[in-house]
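Remarks on the structure that follows.
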There are 2 protein chains.
Amino acid sequence: MIRSTQQLLWERGYVGTSPKAIQAAADAGQGSMYHHFSGKAELAKAAIERSATELSAAAEEQLSAPGTAVERIARYLERDRQVLKGCRIGRLTADPDVMADPALRAPVEATFRRIRERLAEILAEGNQAGEFPETLDPVATAATVAAVLQGGYVLARAANDDEPFDQAVRGMVQLLQGVAS
Amino acid sequence: MIRSTQQLLWERGYVGTSPKAIQAAADAGQGSMYHHFSGKAELAKAAIERSATELSAAAEEQLSAPGTAVERIARYLERDRQVLKGCRIGRLTADPDVMADPALRAPVEATFRRIRERLAEILAEGNQAGEFPETLDPVATAATVAAVLQGGYVLARAANDDEPFDQAVRGMVQLLQGVAS
DNA sequence: GTCTATAGTTAGATAGAC
DNA sequence: GTCTATCTAACTATAGAC
C-alpha cells in the first residue's frame with residue numbers, strides 16, 4: 001500500500017492522487033486503508049519518507065565509490081535513471097499541499113540537504129587533494145550539481161525526451177573536468 | 001481572467017486549479033467563463049501561452065545585453081527572481097495532465113527549447129571569440145545552465161529558502177569563469 | 001482487520017433565463 | 001455577455017456491520 005502510494009505520488013503528485021486510486025492500485029479496500037492510516041496525509045508521509053530513504057541510499061551507492069571527486073560525481077550524475085518519470089522527491093516541491101505540511105515537506109528538505117552536504121564533502125576532499133583550484137567553492141558547486149539533476153529532469157519532461165537531461169549532465173561533467181585539469 | 005489563471009497555475013498547478021477558483025480570483029461568474037472559454041483546458045492553454053511569451057521576453061532582456069558570453073549568462077542567472085514561487089513554466093512539467101495534452105505541453109516545450117538554443121548561441125559566440133577552450137560544448141553547456149535554474153528552484157522550494165538557488169547559480173557562474181580564464 | 005453504506009464537499013460543466 | 005439553477009462524478013472521510 002505504501003509502495004502503491006509511492007508510485008502514484010511519483011506519477012501524479014499529492015493533489016493528483018486520491019485515496020480511491022491508492023486502494024485500487026494496492027488492491028485494498030477503503031476500510032483497510034483507513035484502519036492502518038488516518039488518511040491520505042499520513043499515508044503520503046509514510047510513502048515520501050520511504051522514497052526519501054531509498055533515494056539517499058541510491059545516491060550514496062555512487063558517491064561512496066572510490067575515485068577522484070570528479071569521477072565519483074560523474075558516476076552519480078551519469079547513473080541510469082528513469083529520466084522522463086522525473087525525480088520522485090523533486091516533483092513534490094511543485095505540490096503546494098506537500099510544501100504547506102511540515103510533516104510532508106521535512107523528508108523532502110532533509111533529502112536534498114543531505115545530498116548537497118555529501119556532494120560538498122566530496123568536492124572539499126577533491127580540493128584538499130589538489131584536484132581543483134582553491135577558488136572552487138565546494139558548497140556552491142554541490143548545489144550546482146544537485147540542481148543540474150533536478151533541472152535536467154524538468155527539461156527532459158518538457159521536451160518529452162531524455163536528451164536535454166543527458167546534455168545537462170554532460171555539460172556539468174565537462175565543466176568539472178575543465179576546472180580540474 | 002487569463003491573468004488569474006496564470007497566477008493559479010503558478011501557485012497550484014493545473015490539477016490543483018479549479019474553474020471555481022479561477023472565477024473567484026478573476027471576480028467573474030461561471031457563465032462568463034464558459035462563454036469565453038470552452039473549459040478549464042482552453043483557459044489553461046491561453047494562460048500557459050501567455051506565461052511562456054512573458055518568460056521568453058524576460059530571458060531575452062538579459063541575454064541580448066552586451067558583454068562577454070559569461071557576463072551575459074551570469075546576468076541572466078543572477079537576475080532577481082521570486083525563487084520560492086518556482087518557475088511558472090517549469091512547474092508545469094510536474095503536472096501529468098499538462099504533459100499529456102499536446103496543446104498544453106507545446107508552449108512548455110517550445111519555451112525551454114528556445115532558451116537552450118539561445119544559450120547555446122551565446123556560448124558558441126564565446127567560443128568563437130576565444131573566450132572558452134575549444135572543448136567546451138555549447139549545446140551541452142546551454143542545457144546545464146538552463147537546468148541549474150530549474151533545479152535551483154526545486155532545491156530552494158524544498159529548503160523553503162532562497163539559499164540553495166543562490167548557491168547553485170554562484171557555483172555555475174564560478175565554473176564558467178573557471179573554464180574561461 | 002476488512003467490508004459496505006453513507007455523507008458532505010468540490011470538480012467541471014450544461015441549461016436556460018435575462 | 002452574464003447570471004443562477006442544476007447535474008453527474010469524484011474526493012475524502014466516517015459509521016457500523018461482520
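Because the structure is predicted, anything quoted here is derived from the model rather than measured. Below, chain A is the first sequence line, B the second, and so on; all start at residue 1.
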Would you kindly give the [atom1]-to-[atom2] distance between [X] and [N], to the nearest whole Å?
{"X": "B:Gln23", "N": "D:dC3", "atom1": "CD", "atom2": "P", "result": "10 Å"}
{"X": "A:Phe37", "N": "D:dT12", "atom1": "CZ", "atom2": "P", "result": "16 Å"}
{"X": "A:Leu8", "N": "D:dT12", "atom1": "CG", "atom2": "P", "result": "12 Å"}
{"X": "A:Asp97", "N": "C:dT10", "atom1": "CG", "atom2": "C1'", "result": "14 Å"}
{"X": "A:Leu43", "N": "D:dC11", "atom1": "CG", "atom2": "C1'", "result": "15 Å"}
{"X": "B:Asp27", "N": "D:dC3", "atom1": "CG", "atom2": "C1'", "result": "14 Å"}

Salt bridge [X]-[Y], side-chain N to carboxylate O under 4.0 Å:
{"X": "B:Arg118", "Y": "B:Glu121", "answer": "yes"}
{"X": "B:Glu11", "Y": "B:Arg157", "answer": "no"}
{"X": "A:Asp97", "Y": "B:Arg12", "answer": "yes"}
{"X": "A:Glu125", "Y": "A:Arg72", "answer": "yes"}

Subject >> Contact pattern, 5' to 3', of nucleotides 11-18 of chain C - B, S or - by protein heavy atom under 4.0 Å >> reply: SSBB----
**OP:** Apply the test side chain to side chain donor-acceptor pair (under 3.5 Å) to residues B:Tyr153 and B:Arg91: give CA-CA distance (whole Å), side-chain angles for both, the deciding distance (0.1 Å), then the verdict.
**Re:** CA-CA 9 Å; B:Tyr153 284 123; B:Arg91 72 110 45 238; over 6 Å; no
**OP:** Look at A:His35 and C:dC3 and indicate whether a side-chain polar atom (N or O) is within less than 4.0 Å of OP1 or OP2.
**Re:** no
Subject >> Aromatic B:Phe165 / basic B:Arg79 pairing, under 6.0 angstrom, 45° off normal >> reply: no
